[in-house]
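The structure appears below as structure tokens.
Just follow the structure's listing: the first ligand is 1, and inside any ligand the first atom is 1.
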Amino acid sequence: MTPVDGPVHSAVRLPGSKSITNRALLLAALADGKSVLRDPLQSDDTLYMFEALRSLGVDVTLTDAGDFEVIGVGGAFSAPAKSPIFIGNSGTTVRFLTAAACLAPAGSDVVLDGVARMRERPIRDLLGALISLGVDAESVNGHGCPPVRVRGGGLPGGKCLLRGDVSSQFLTALLQAAPYAKQNVEIEIVGDLISKPYVDMTQNVMHAFGVEMVNSNYRHLTVAAGQRYEGREYDVEADASNATYFLAAAAVTGGSVILENLGAGSIQGDAKFARVLEQMGCDVDFGVHIAVRGPQTLKAIDVDLEAIPDTAQTLAVIAAFADGPSTLRGLASLRVKETDRIAAITNELTKLGVGVEEGRDFWTITPPAAGQYQPAEIKTYDDHRMAMSFAVAGLRLPGVTILDPGCVAKTFPDFWERWEKFFYTAKQQ
Ligand SMILES: O=C(O)C1=C[C@@H](OP(=O)(O)O)[C@@H](O)[C@H](O)C1
Ligand SMILES: C=C(OP(=O)(O)O)C(=O)O
């Protein structure tokens, strides 16, 4: 990569949100009637969901306009056409479908499997909650990770306990399937719930498709039986997690960036990342568009990112250019994502000459003195967010090479084209 020679002033339109696309696809698939999802994300993760739903008998198509058209199955999937259904390394797809798979016909088994890393990502607590709700479900290899097998025949429902500190996707998965249970579903969260804004997003998308839940302070959540999703036209927001790399460009170069299609009304917690940059000295306009102007000198920060985990790697790289040591906390869930993200960031920032102290759930990141950064080949560990975060370092430092840049396809297949266009547009201004 070639560093930029001054502040970046630019604007960007982002593709759709992964998290919203995969929620909307599933709810539209379960709904009564037809849905059209506008501006959805087309990437590995959403295409795994798309293909899995097709295997479960859902008529879902991609239109010439780039929309997803979905004919809902009214709460009852068909027996799977494929076994196992392959879901790559998509956490949302495997967790959401593990809960919904019991809506396949009685006597059929749905098996979900993924890449080697997916076979290390936890799902035990979700299976335990489903079993409490009357579903026959198991981790096929008995180690609490995919592949999973779920027996069709419906969701009896009732009460369950669910650990909150591993992944909020377990809770989202249960809530999304819950309206089709025979009895009300009541979930009690044990311990603290992480990634809470994703549960708000779930509530918002379920509401948009006509289903209500009661969320008592993220401790006790209830969905009444007998509700049904209704097909509709639905606009998918731009992806706020993937917006962070562009905002970071403003922060580390002292430039300015406008997100053309993301604003304060977003239902994504990660849209608040701009507020974190504000604490580092950026000027932030949080209006119809989110806009960030970077300062002359970025201030170091001490911040808890438990609510917005997908922004942590972006901030780690930004912190490497601040005026002193920063501490990023609340990161325990990063250990079980696409890779062990805590270790991956420590390894790769260290190669650049940055001081990194790593704990179970935090980093303290100390920038080197000016001129003491090192060139490096950055490993990406099959993690899209490693590639996109270190693209930000490449704006400031010579000699940054990103290995396996194609791993961005998980959520942002044309990231590199848009990143280049972003700077091309910048130079025109
Ligand atoms: O519900 C979602 O769409 C997501 C929740 C988060 O996972 P955890 O709840 O496991 O932190 C996030 O990291 C992931 O990219 C998407
Ligand atoms: C953690 C992520 O994805 P998932 O858990 O959905 O695989 C991510 O996109 O950063």
Output yes when the distance from some N or O of ligand 2 to some N or O of [X] is under 3.5 Å, and no in every other case.
X	result
Gln169	yes
Glu338	yes
Lys410	yes

Is the closest basic N to carboxylate O distance between [X] and [Y] below 4.0 Å?
X	Y	answer
Lys410	Glu338	yes
Asp59	Arg54	no
Asp382	Arg117	no
Arg385	Asp310	yes
Asp113	Arg119	yes
Glu358	Arg335	yes
Arg38	Glu233	yes

Under 4.0 Å, heavy atoms only, figure out whether ligand 2 is touched by the backbone of [X], its side chain, both or neither.
X	result
Arg341	side chain
Thr93	neither
Ser90	backbone
Thr92	both

Task: Flag side-chain contact, heavy atom, 4.5 Å: Thr366 against Val354 - done: no
Task: 4.0 Å heavy-atom contact, Arg95 with ligand 1 - done: no
Open item on the list: Looking at ligand 1, is there an atom of it that comes within less than 4.0 Å of some heavy atom belonging to Asp310?
Closed with: yes
Task: Exercise: do Gln268 and Glu237 side chains pair donor with acceptor under 3.5 Å - done: yes
Open item on the list: Would Thr92 count as a polar contact of ligand 1, with the cut-off being nitrogen or oxygen pairs under 3.5 Å?
Closed with: no
- [ ] Could you say whether the N/O atoms of Arg385 and ligand 1 ever approach to under 3.5 Å?
- [x] no
Open item on the list: Under 4.0 Å, heavy-atom basis, I'd like to know which part of Met201 is in contact with ligand 1: side chain, backbone, both or neither.
Closed with: neither
- [ ] Indicate, as side chain, backbone, both or neither, the part of Ser195 found under 4.0 angstrom from ligand 1 when only non-hydrogen atoms are considered.
- [x] side chain
- [ ] Going by heavy-atom distance to atom 9 (O) of ligand 1, choose the closest among Ser168, Ser90, Gly91.
- [x] Ser168
Open item on the list: For Phe415 and Phe412, take the angle between the two ring planes, folded into 0 to 90°, and tell me which bin it lands in: parallel under 30, tilted 30 to 60, perpendicular over 60.
Closed with: perpendicular
- [ ] Can you sort out which atoms of ligand 2 are near Arg121, meaning under 4.0 Å from one of its heavy atoms?
- [x] 4 (P), 5 (O), 7 (O)
